[in-house]
Peer 1: 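Questions regarding the structure given below will be posed in turn.
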Protein chains: 2
Amino acid sequence: MSHSEADGLAVRKRRATYARIAASAARLAGEQGVGNTTVDQIAQDAEVARATFFRYFDSKESAVAEGVAGPWLTLVTEAIARQPGHLPAKEALVAAFTELADQFPAHAGQIRELAGLTRGSPALAAWTARAYQRYEHAIAELLVPRIPDATERDPRPHLLAALAMASVRVSLDEWVRHEGDLPALIHRALGSISIEPV
Amino acid sequence: MSHSEADGLAVRKRRATYARIAASAARLAGEQGVGNTTVDQIAQDAEVARATFFRYFDSKESAVAEGVAGPWLTLVTEAIARQPGHLPAKEALVAAFTELADQFPAHAGQIRELAGLTRGSPALAAWTARAYQRYEHAIAELLVPRIPDATERDPRPHLLAALAMASVRVSLDEWVRHEGDLPALIHRALGSISIEPV
DNA sequence: CCACAATATGAGACTTAGTCCAGAATGAGA
DNA sequence: TCTCATTCTGGACTAAGTCTCATATTGTGG
């Protein structure tokens with residue numbers, strides 16, 4: 001990860017542009033809907049050329065998905081990475097989400113918004129699913145050293161990561177539909193998972 | 001589900017058209033790559049008008065994803081549905097995949113092909129992820145009656161379904177990269193995580 | 001501080017995806 | 001067979017996504 005500040009100007013600038021485009025995409029799509037927002041609008045809002053937009057994102061929907069889900073999912077992965085190294089995988093996951101519980105309210109709006117947007121745009125739903133898979137992969141890497149007796153090419157880190165993301169998806173879905181306490185929902189989902197020895 | 005044959009001509013025709021388009025999309029994309037295949041080609045090959053194509057699928061990639069992954073994932077869900085009703089969820093999953101082991105070889109080519117195609121097309125990867133989520137949802141429905149003490153809005157059916165699909169994804173990935181016995185890989189993945197009662 | 005190599009951006013042309021609509025065709029039911 | 005509801009078609013239209021080349025910006029060795 002290493003977001004250290006001494007990373008060279010080019011790299012920092014690149015990251016900033018990436019974030020700026022994603023943010024513009026998320027904001028405009030939230031205000032007008034995905035279908036009514038054009039790439040030109042997003043590019044103009046982020047102060048880049050149209051061609052530059054496509055250097056950073058594969059599609060309009062990709063940018064929106066990253067802009068809405070990205071910040072939140074980044075918090076999750078960072079929280080996992082932050083857990084003390086001696087915690088085994090599942091405990092690290094639980095601890096990370098517990099730690100994030102207070103930050104939920106701040107993101108609740110955006111999360112709800114994404115649900116609304118994906119309802120109206122299958123393309124956005126697809127790219128959101130893809131975004132989730134990317135974070136799932138990142139989480140899997142973080143979990144590898146936390147599986148004590150991990151053999152070579154053990155599937156369990158990836159499966160745990162997949163179930164962590166599934167817990168988020170399922171709980172989010174339930175929360176959007178019937179309200180309730182989102183952190184508690186996620187906690188319950190996570191709690192029902194357990195790793196078996198090989 | 002109900003694929004009974006007495007469904008009315010219109011319904012059967014519609015299903016046939018859907019399958020024909022998906023198959024054409026999969027074949028052409030496999031031969032030429034997704035990027036070099038146009039919707040016009042697919043529509044022409046499937047003998048429908050361009051406008052009709054978009055009545056059946058949201059995007060070119062959606063059709064390809066369904067055409068390549070669909071038949072195989074349909075086998076999976078049907079195998080699960082076919083298990084005797086008294087089997088609890090996890091056992092039903094294991095039994096279904098065991099039952100499918102002999103059919104793997106027949107689909108191995110297509111599965112490998114999809115992996116190659118998604119490598120070269122992020123858009124296809126996104127729509128494939130979405131397709132997996134759809135099947136995951138279908139599987140979750142099938143598992144609900146197989147969870148003995150399921151409470152209202154219990155997350156476990158969905159989590160189990162997510163485990164099933166994640167097992168497939170992860171094992172597929174491993175198999176594409178390092179060969180091995182795919183059914184055995186899936187079996188191991190399924191066995192390495194369990195969903196506990198609340 | 002300067003020059004040069006490497007890489008990021010900008011601009012605009014071009015192909016093709018995806019939407020929309022009015023009219024033809026087709027199946028369900030009387 | 002006739003009518004109604006739905007689905008398919010063909011074509012026009014907007015915008016997504018690709019490509020190329022010129023220009024600007026950053027990192028690096030002198």
Side-chain angles (χ1 to χ4, degrees), chain A residues 4-22 24-25 28-29 32-67 117-118 120-127 130, chain B residues 4-22 24-25 28-29 32-67 117-118 120-127 130:
Chain A
S4 30
E5 62 297 309
D7 247 325
L9 176 54
V11 188
R12 261 178 297 142
K13 226 173 162 179
R14 193 170 168 75
R15 266 204 283 270
T17 307
Y18 182 88
R20 211 170 56 246
I21 296 177
S24 293
L28 289 173
Q32 318 173 333
V34 226
N36 301 321
T37 306
T38 70
V39 171
D40 288 278
Q41 287 177 351
I42 300 174
Q44 190 166 354
D45 188 83
E47 295 178 298
V48 293
R50 177 193 171 68
T52 303
F53 173 93
F54 283 107
R55 281 201 187 84
Y56 282 85
F57 292 96
D58 292 312
S59 73
K60 181 176 70 171
E61 287 79 10
S62 168
V64 176
E66 188 60 33
L117 290 176
T118 52
S121 164
L124 180 58
W127 285 98
R130 181 62 178 160
Chain B
S4 28
E5 62 298 308
D7 248 326
L9 176 54
V11 189
R12 261 178 298 141
K13 220 172 168 182
R14 190 167 172 77
R15 265 204 282 270
T17 305
Y18 181 89
R20 211 170 56 246
I21 296 177
S24 294
L28 290 173
Q32 318 174 334
V34 227
N36 302 321
T37 307
T38 69
V39 171
D40 288 279
Q41 286 176 352
I42 300 173
Q44 189 166 354
D45 190 83
E47 296 179 297
V48 293
R50 175 192 173 67
T52 304
F53 173 93
F54 283 106
R55 277 174 199 294
Y56 282 85
F57 292 95
D58 292 313
S59 73
K60 181 176 69 171
E61 288 79 11
S62 168
V64 176
E66 188 59 34
L117 291 175
T118 53
S121 165
L124 179 58
W127 285 97
R130 181 61 178 159

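Just so it is clear: chains get the letters A, B, ... in the order the sequence lines come, proteins before strands, and each one is counted from 1.
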Peer 1: Does B:Val39 or B:Lys13 map to a spot on DNA chain C nearer the 5' end, using the closest nucleotide for each?
Peer 2: B:Val39
Peer 1: Given atom CG of A:Asp58 and atom C1' of C:dA17, what is their separation to the nearest angstrom?
Peer 2: 16 Å
Peer 1: Which part of the nucleic acid, if any, lies within reach of A:Ala10 when heavy atoms closer than 4.0 Å are counted: base, sugar-phosphate only, or nothing?
Peer 2: sugar-phosphate
Peer 1: Using whole Å, what does the distance between atom P of nucleotide C:dT15 and atom CZ of A:Arg50 come to?
Peer 2: 15 Å
Peer 1: Would you mind reading off the distance between B:Asp40 atom CG and C:dA17 atom C1', rounded to a whole angstrom?
Peer 2: 9 Å
Peer 1: Which whole-number value in Å describes the distance from B:Glu47 CD to D:dT9 C1'?
Peer 2: 14 Å
Peer 1: Need one value for B:Tyr56: base, sugar-phosphate or nothing, where a base atom within 4.0 Å counts as base even if backbone is also close, heavy atoms only.
Peer 2: sugar-phosphate
Peer 1: Quick check against the 3.5 Å criterion: does A:Thr52 have a side-chain atom that pairs as donor or acceptor with the backbone of A:Val48?
Peer 2: no
Peer 1: Just wondering, are more than 12 heavy atoms of other shown residues or ligands nearer than 6.0 Å to CD in A:Gln44?
Peer 2: no
Peer 1: Counting side-chain heavy atoms from CB outward, which of D:dA15, C:dA11, D:dG11 is closest to A:Ala51?
Peer 2: C:dA11
Peer 1: Any donor-acceptor pair under 3.5 Å between the side chain of B:Arg12 and the base of C:dG27?
Peer 2: no
Peer 1: Can you confirm whether more than 12 heavy atoms, excluding those of B:Glu47, are under 6.0 Å from its CD atom?
Peer 2: no
Peer 1: Quickly work out the A:Gln44 CD to C:dG10 P distance and round it to whole Å.
Peer 2: 12 Å
Peer 1: Touch check for B:Thr17, heavy atoms < 4.0 angstrom, all strands: base, sugar-phosphate only, or nothing?
Peer 2: nothing
Peer 1: Check the distance between C:dT16's P and B:Gln32's CD and give it to me in whole angstrom.
Peer 2: 12 Å
Peer 1: Tell me what B:Arg14 touches on the nucleic acid: a base, only sugar-phosphate, or nothing, going by heavy atoms under 4.0 Å.
Peer 2: sugar-phosphate
Peer 1: Classify B:Ser62 by what it touches in the nucleic acid, base, sugar-phosphate, or nothing, heavy-atom distance under 4.0 Å.
Peer 2: nothing
Peer 1: Is the phosphate of C:dT16 approached by B:Thr38 (side-chain N or O, under 4.0 Å from OP1 or OP2)?
Peer 2: no
Peer 1: Can you tell me the distance, in whole Å, between the CZ atom of A:Phe57 and the C1' atom of C:dA8?
Peer 2: 16 Å
Peer 1: Map B:Phe54 and A:Val48 onto DNA chain C by nearest heavy atom, then report which one ends up closer to the 5' terminus.
Peer 2: A:Val48
Peer 1: Considering just the side-chain nitrogens and oxygens of A:Thr52, establish if one lies under 4.0 Å of OP1 or OP2 belonging to C:dG10.
Peer 2: yes
Peer 1: Within 45° of the ring axis of A:Tyr56 and under 6.0 Å from its six-membered ring centre, is that where the NZ or CZ of A:Arg14 lies?
Peer 2: yes
Peer 1: When rounded to the nearest 0.5 angstrom, what is the spacing between CZ in A:Arg20 and NZ in A:Lys13?
Peer 2: 9.0 Å
Peer 1: Rounded to the Å, how far apart are A:Glu61 CD and C:dG18 C1'?
Peer 2: 11 Å
